[in-house]
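Have a look at the structure below before the remarks.
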There are 2 protein chains.
Amino acid sequence: MLYSNMKNIKPKLIRLFKEGYCTPQIARIAKKIKEASTTIHYNIKRLEEEGAIKAYKAVFDYKKIDEGFCVFVFVKLTAKKGADPDKLLSEFARYEEVESADILAGEWDIILKIRTKDQDEYYKVLKNILALEGVEKTTSFISLKQIKTEFVML
Amino acid sequence: MLYSNMKNIKPKLIRLFKEGYCTPQIARIAKKIKEASTTIHYNIKRLEEEGAIKAYKAVFDYKKIDEGFCVFVFVKLTAKKGADPDKLLSEFARYEEVESADILAGEWDIILKIRTKDQDEYYKVLKNILALEGVEKTTSFISLKQIKTEFVML
DNA sequence: TTAATATTTGAATTTTGTTCGGATAAATAA
DNA sequence: TTATTTATCCGAACAAAATTCAAATATTAA
């Protein structure tokens, strides 16, 4: 028999946690570094006001959320007048599969870190990128094993 | 006159937030996706028990915490019997400046993403890496501009 | 169909975050 | 130096959120 998934909350949580919807554990930090929790609170607020903290988020075991395939992609842009690397990079960064996007110095213009379920899904994403106006060529480096991501050991 | 910083809590917070010491905002998520907060709680606990979530952490504006210099480093290992790439990668990952560490398929064996205050600091880290037994050569790609990191837009 | 398991939910409890005011320390100006 | 302003620290009171619990409902397995 076919059932409608009860609420199917898991994927919604994953989406939210990728970019935020977390918050500091003031009490735990206060205990850890042996200061008053109000002092910790004050210092965190200051960091946030300075803009030093962009988000509080979750780090996943990506294999367990169907994003186990990870690739570093270099992109070379076509050299022509009026081309805007920043604008193109914003296009790349918009994809939810793109974990990071940087402009580089040197022979390659851009590096992207992309996470997908598998090679097939990766190819679809890459195809979209290659199709964009301004992309001359790309080269991909497939990650065989990840032992640290986002400063977190796996 | 010279004063001792009162408590100097900021760097301690940054160190803790890089790897954890955060937690989900259950009430906010519940409101966002219009479910009972206890339902959200239940689903998050399940994700954690599955091991799908490795940590809750902060994402920084790295320029503002003196880690504005970012480099992708490829490492090639010396091909010899008994060499263990995994062991060497663990050595690399141990550095706090290393944001991510992966084993690659292809011409390069390892890619590291490294964050430091500036080029001088970066050179010190790289020197340590090059000094390790088993490293044949490296090549670095300097990030000129970061627009997305850890799935967070900057 | 029945039994076992997983998920959802509200009420009660516990824990945590936040505000506020005053104290202390540091930086700045006189 | 000394006076003044600003930044940081921290306890008490309060507000908000997380967690536990028990029961209802949905799903899966037998």
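In what follows, every chain begins at residue 1, and chains take the letters A, B, ... in the order their sequences are listed.
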inquiry  = Set out, in order, the CA-CA distance, both residues' side-chain angles and the distance that settles side-chain hydrogen bond (donor to acceptor under 3.5 Å, both in side chains) for Ser140(A) and Tyr122(A), then state yes or no.
reply    = CA-CA 10 Å; Ser140(A) 300; Tyr122(A) 171 66; 2.6 Å; yes
ask   = Rounded to the nearest Å, what distance is computed from the CD atom of residue Gln25(A) to the C1' atom of nucleotide dG17(C)?
value = 12 Å
query = Distance under 6.0 Å and angle within 45° of the ring axis: does Lys113(A) meet both against Phe72(A)?
reply = no
key: Per-nucleotide protein contact string for nucleotides 5-14 of chain C (B base, S sugar-phosphate only, - none; heavy atom under 4.0 Å)   = -SBBBBB---
request  = Would you mind reading off the distance between Ile29(A) atom CD1 and dG17(C) atom C1', rounded to a whole angstrom?
outcome  = 12 Å
ask   = dT8(D) C1' sits how many Å from Leu47(A) CG, rounded?
value = 14 Å
note = Separation of dT16(C) atom C1' from Tyr21(B) atom OH, nearest Å, is 16 Å
task = Compare side-chain N and O positions of His41(B) against OP1 and OP2 of dT19(D) and report whether any pair is under 4.0 Å apart.
result = yes
note = With Glu67(A) as partner, the option from Arg15(A), Lys18(A), Arg115(A) fulfilling salt bridge (charged side-chain N to carboxylate O under 4.0 Å, His left out) is Lys18(A)
ask   = In whole angstrom, what separates Lys10(B)'s NZ from dT8(D)'s P?
value = 10 Å
query = Is it the case that more than 12 heavy atoms not belonging to Lys63(A) sit under 6.0 Å from its NZ atom?
reply = no
query = Taking only residues at least two apart or on different chains, which pairs with a member in residues 7-55 of chain B satisfy ring-ring contact (aromatic ring centres under 6.0 Å, His included)?
reply = Tyr56(A)-Phe17(B)
key: Test: Lys57(A) and Glu150(A) ion pair at under 4.0 Å   = yes
key: Interatomic distance where CD1 belongs to Ile26(A) and P belongs to dA18(D) [whole Å]   = 12 Å
task = Measure from CZ on Arg28(A) to P on dG17(C) and round the result to the nearest Å.
result = 11 Å
request  = Nearest whole angstrom, please: distance from the C1' of dC9(D) to the NZ of Lys45(A).
outcome  = 17 Å
